[in-house]
4 protein chains.
Amino acid sequence: MPSQKINLEQLIEKSSYLFRTRGYHYTSISDIASYCNLSKASVYHYMPSKQALGAAVIKELHRSFRNEIFSIAFDEDLNPADRLKKYARKLENFFEDREGGCLVGNLALEVTGIIPEFEKLIREFFVEWIASLKQLISGKFSDQESQVIAEETLAQIQGALMVQRLFSDPKQLKRASARVAELLD
Amino acid sequence: MPSQKINLEQLIEKSSYLFRTRGYHYTSISDIASYCNLSKASVYHYMPSKQALGAAVIKELHRSFRNEIFSIAFDEDLNPADRLKKYARKLENFFEDREGGCLVGNLALEVTGIIPEFEKLIREFFVEWIASLKQLISGKFSDQESQVIAEETLAQIQGALMVQRLFSDPKQLKRASARVAELLD
Amino acid sequence: MPSQKINLEQLIEKSSYLFRTRGYHYTSISDIASYCNLSKASVYHYMPSKQALGAAVIKELHRSFRNEIFSIAFDEDLNPADRLKKYARKLENFFEDREGGCLVGNLALEVTGIIPEFEKLIREFFVEWIASLKQLISGKFSDQESQVIAEETLAQIQGALMVQRLFSDPKQLKRASARVAELLD
Amino acid sequence: MPSQKINLEQLIEKSSYLFRTRGYHYTSISDIASYCNLSKASVYHYMPSKQALGAAVIKELHRSFRNEIFSIAFDEDLNPADRLKKYARKLENFFEDREGGCLVGNLALEVTGIIPEFEKLIREFFVEWIASLKQLISGKFSDQESQVIAEETLAQIQGALMVQRLFSDPKQLKRASARVAELLD
DNA sequence: AATGAATGAGAATTCATTCAT
DNA sequence: AATGAATGAATTCTCATTCAT
């Protein structure tokens, strides 16, 4: 039946959900296909390989994070305190109804040392995340200090998402984002 | 040639290394067997299934964490400040040369939602971890406050291990354990 | 955008190249399509199936061999010795820059016993080839003798093409065609 | 059912038959498995990959050719004329009831340019084949002459096997081996 | 205690082909 | 005339597991 059932964007979004909630290795192309109401072969119409799909998913998340969250740190229309508040709020919103936590964090622990391509993409994502956090607090701290604080803050967020997922406890991220909001206090 | 080539303890230790550094799904029984210089079939002499082996590995890690680290929080021979220092130091030591970071944290993100048995064991581990952190600071904070701080501290440590692994950067855990040491300041 | 990108003749020629150099099974419709700058579906505008395309390729080669080479054996305008010389020369020229050797010989070993339709077409090709060689020497040998010599000559040529291909050695066919030229000596 | 159903030698022999009669690409692991009364997975118990199996099959044929045929050319116990006769006879016998002709010749045309490993093995086989033919006639011809004759003879044999297969005509090889026997006349 | 042999289930991927536009 | 979308069937290969020795 050759009428379009899905498009690349939707495939990536649906794959993103599965990779995030079930992991990369545990999600088979077959799982993705049936979740998209497609045949396995059709998945390959949109993406040449599972790894390419995984990479596309990471890149798409990176893109949307950049647009929705990182960019706030560089928004000249807001003052530093407002940037921070908005950043923290958006971050919280982002993961609020995102079952499975952070795809990139999850993948980080699943594929580091196994799939170098993903590792590189995840590192790029995290580097930019840290840079945005650094920017948020750059007015108050030295470059070195803010780098450390940014790294610790990212770790705090990722750790919170891990605990939150394991215990199905939405408070964890709330607190982590509250900590972000206090970064200039 | 029925001379014993390995024992259960060694099998668990070696499996622990592989699960930690390569993940659970990505580590096959075949990998474990050859890492132990055994045949695949022989692995099944010691463990009835891969999942049982995984569970044993988590339990063993839990046990050794309890003995080496959590117990410090309850050591009546030390004053609270010394407990904290020792705890932080031991924690740092524990992961210092442990390639791959924290098995339980890694597994948490890999198997949550997939293998309920592991999820339960990991939750028990983390619950005890949190309890020990709580105990360390119980003199200074209310029960509620110390619960929150303990959860955040665990998150901080796990997040640090994630970042550390991804960037091959040993400073991350050092800083996290330094934060632990400051918990009573 | 329904402007004609290719015609049947070109499709056959390009397919011929791919089948000859990569084999029938190893050449996919997808390979053919991209080599022709077409979509897979478009290949099916010109040919109802891969097998039909294969058959068309064999027939086209047969046709061009008949016109360019076999016909020489029956050219009443030349004397037997000149026919032979021209035949040998044309044969050598034909394969000179034809990467991959002889499509029909290659297919003979790839599809005999697998695709009866091809087998039949290849047999017809070879039967005519043998007949033309026979004709070339019919003046000097009995019917039986010339049949044997013709078969051996065809075998020599095909064997030479095989060795030539494997060792990237253009001398092999040169020698075989020299042998053809000497057939009346 | 863990009682041994086959051994490596038998697997190679049976695979050899299938590769020879149906070609490499057209013979699936599944075909091999069912021809051996094994499951697909069991084939991988003996060989790590299809390509490794193919290579083993070529090497085994090379080995048996060396032992049974090429060696005759270097047999000091025979005089040159007897060597030649024996060589020609053995060659004929070898292919007499070998449905499908010459595995290595067949593969040569199927995989040249596709599977470099096979190409190399086939070249080695043919180089030794040529060397043995050269040795047979070294007494009568110069090194250069005998190299040419050996190459032509190999081509003749392979071509004969091709024609023989296509036309199901056992006379082709008989004649080729007769030509071998006349090489010193 | 140790293992070689065997396997069913499932993984990723390819391929020839169809069809609505 | 050309193609994007879709697919069933098949391919190579992996994996956890069993069992007779």
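Protein chains get the first letters and strands the later ones, always in sequence-line order, with residue 1 at the start of each.
- A residue-by-residue look at D:L38 and B:A41 shows that B:A41 has its nearest nucleotide of DNA chain E further toward the 5' end.
- In this structure the side chain of B:L11 reaches within 4.5 angstrom of the side chain of B:L53, judged on heavy atoms.
- Distances shown here put a side-chain N or O of C:Y46 below 4.0 Å from the OP1 or OP2 atom of F:dA2.
- Counting to the nearest Å, the P atom of F:dA10 and the CG atom of D:D31 are 11 Å from each other.
- Rounded to an integer number of Å, the gap from CD1 of B:I29 to P of E:dA6 is 21 Å.
- Nucleotide E:dT14 holds its P atom 14 Å from the NE2 atom of D:H25, rounded to whole Å.
- Between A:K5 atom NZ and E:dC19 atom P there is a gap of 15 Å when expressed in whole angstrom units.
- Residue C:H45 places no side-chain N or O under 4.0 Å from the OP1 or OP2 atom of F:dA2.
- Counting to the nearest Å, the C1' atom of F:dT11 and the CG atom of D:L53 are 15 Å from each other.
- The residue D:S42 sits close to a base: some heavy atom pair falls under 4.0 Å.
- For D:K40, no side-chain nitrogen or oxygen approaches OP1 or OP2 of E:dG10 to under 4.0 Å.
- A cation-pi arrangement is present between C:K50 and C:Y24 under the rule of less than 6.0 angstrom and at most 45 degrees off the ring axis.
- Per the geometry, CD1 belonging to B:I32 stands 10 Å off P belonging to F:dT17, to the nearest Å.
- Residue A:K50 has a polar side-chain atom (N or O) positioned under 4.0 Å from OP1 or OP2 of E:dA12.
- For the pair C:Y44 and D:Q51, both in contact range of DNA chain F, the more 5′-proximal nearest nucleotide belongs to C:Y44.
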- Note on the structure: Output field dot_bracket for DNA chain F (Watson-Crick or G-U, both distances under 3.5 Å, | for other-strand pairs) contains .||||||||||||||||||||
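- Look at A:Q4 and you'll find a side-chain N or O under 4.0 angstrom from OP1 or OP2 of F:dA5.
- Both tests do not hold together for D:K59 against D:F125: distance to the six-membered ring centre under 6.0 Å, angle to the ring axis within 45°.
- When each of B:I6 and D:I6 is assigned the nucleotide of DNA chain E with its nearest heavy atom, B:I6 is the one assigned upstream, toward the 5' end.
- Atom OH of B:Y26 is separated from atom C1' of E:dA11 by 13 Å (rounded to the nearest Å).
- Each of D:E110, D:Q51, D:R123 was scored for a side-chain contact (heavy atoms from CB on, under 4.5 Å) with D:F118, with one residue passing: D:Q51.
- Between B:E117 and B:K120, none of the side-chain N atoms (NZ, or NE/NH1/NH2) sits under 4.0 Å from a carboxylate O, so this pair counts as no salt bridge.
- Between D:I122 and D:V111, some side-chain heavy-atom pair lies under the 4.5 Å cut-off.
- Residue-to-nucleotide proximity on DNA chain F shows that, of C:N37 and A:V43, the 5′-proximal contact is made by C:N37.
- In this structure, C:R20 and C:L107 have side chains that are not in contact, with every pair of non-hydrogen atoms separated by 4.5 Å or more.
- Between the CG atom of B:L8 and the C1' atom of E:dA2 there is a distance of 16 Å, rounded to whole Å.
- The aromatic rings of A:Y17 and A:Y35 sit parallel to each other, their planes meeting at less than 30°, with 60° as the upper class boundary.
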